[in-house]
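Read the structure below first, then the notes.
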There are 2 protein chains.
Amino acid sequence: MNNSKKYSLEVRVWIEESDGPFLGIGKIWLLENIQKTGSITNAAKEMKMAYRQAWQLVEEMNQRAESPLVEKLLGGKGGGGAKLTKAGEKAITVFYEIEKRIKDFALKETQNLKF
Amino acid sequence: MNNSKKYSLEVRVWIEESDGPFLGIGKIWLLENIQKTGSITNAAKEMKMAYRQAWQLVEEMNQRAESPLVEKLLGGKGGGGAKLTKAGEKAITVFYEIEKRIKDFALKETQNLKF
DNA sequence: TATCAGTATTCATTTTAAAACATACTGAAA
DNA sequence: TTTCAGTATGTTTTAAAATGAATACTGATA
């Protein structure tokens with residue numbers, strides 16, 4: 001008879017670029033919230049993160065991607081805003097596709113862990 | 001013609017237990033160093049980590065595993081030491097097996113990422 | 001041409017985790 | 001019964017990261 005502790009396997013996936021971690025689930029959530037709210041400010045509020053932090057993440061993503069993932073609009077009606085580029089939308093779907101395939105595999109591979 | 005930025009997929013794997021993350025590559029390295037050096041003190045030095053921290057990780061592992069992964073020896077010749085239990089040795093091999101299977105799969109699945 | 005909300009940027013403050021320090025405790029062996 | 005190196009544990013420093021506050025900038029539109 002065995003102890004009944006439950007263990008499960010967790011997998012984290014991210015895209016690495018020459019200067020280090022480039023795109024993981026955190027930035028993907030940020031992209032999704034920008035898409036949903038139309039601005040970095042509101043996306044940040046949604047996620048309860050500081051605007052400054054969100055802005056820096058967007059800046060970093062845009063500089064390190066082959067082409068910008070977020071288009072920022074300065075001034076004008078409503079002060080401006082931010083929206084995803086085609087590349088930004090693509091990044092979300094590609095990321096989730098890859099993540100899903102790997103997590104499904106991991107789940108299938110690991111049943112009844114014991115430690 | 002396309003930009004030549006290189007992207008790669010990174011995967012991190014760890015074992016989760018009811019109270020959160022239980023065993024990842026960091027603790028595995030610690031186990032390996034304990035195995036190699038025969039004490040927590042020397043394992044910590046090897047890894048340039050504080051003894052206190054290493055000791056706490058061992059404590060946590062032992063309490064949350066079904067049975068202890070590290071056997072600690074108090075006092076005596078040389079002040080004591082630490083060695084892996086059978087369960088500790090098993091944990092290392094099982095962890096690496098799982099990790100390898102998943103990383104191999106991830107590598108195979110993802111070629112030519114673009115962002 | 002004044003307004004307005006969001007972007008852009010700097011600086012001070014808080015939070016956090018990690019490391020460093022200090023000090024008992026343990027027990028085989030000389 | 002003293003020595004000794006490693007375990008055990010609390011306290012203090014340090015360093016890094018996140019947050020918060022403050023301020024200037026932008027430009028369509030009323």
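Per chain, numbering begins at 1; letters A, B, ... match sequence-line order.
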task: Could you tell me whether Glu60(A) and Lys27(A) make a salt bridge, using a distance below 4.0 angstrom between a side-chain N and a carboxylate O?
output: yes
field: side chain to side chain contact (heavy atoms under 4.5 Å, CB included) partners of Pro21(B), counting only residues at least two apart
entry: Trp14(B), Glu16(B)
task: Measure the distance from CD on Gln53(B) to C1' on dC21(C) and round it to the nearest whole Å.
output: 16 Å
message: According to salt bridge (charged side-chain N to carboxylate O under 4.0 Å, His left out), who are the partners of Asp19(A), at least two apart in sequence or on a separate chain?
response: none
- prompt: How long is the line joining NZ of Lys83(A) and C1' of dT7(C), in whole Å?
  reply: 17 Å
message: Under the rule for salt bridge (charged side-chain N to carboxylate O under 4.0 Å, His left out), what residues qualify as partners of Glu59(B), not counting sequence neighbours?
response: Lys72(B)
- line: From CG of Leu57(A) across to C1' of dT19(D) the rounded distance in Å is 14 Å
query: side chain to side chain contact (heavy atoms under 4.5 Å, CB included) with Lys45(B): which residues, sequence neighbours excluded?
result: Thr41(B), Asn42(B)
task: Among residues two or more places apart or on two chains, list those pairs meeting side-chain hydrogen bond (donor to acceptor under 3.5 Å, both in side chains) that have a residue in residues 75-96 of chain B.
output: Glu32(B)-Tyr96(B)
For Arg52(B), all residues meeting side chain to side chain contact (heavy atoms under 4.5 Å, CB included), sequence neighbours excluded: Gln56(B)
For Lys36(A), side chain to side chain contact (heavy atoms under 4.5 Å, CB included) partners two or more places apart: Asn33(A), Glu46(A)
statement: A correct 5'-to-3' footprint of nucleotides 2-11 of chain D, with B, S and - meaning base, sugar-phosphate only and no protein heavy atom under 4.0 Å, is ---BBBBBBB
field: Base-contact (B) and sugar-phosphate-only (S) positions in nucleotides 12-17 of chain D, heavy-atom cut-off under 4.0 Å, - elsewhere
entry: ------
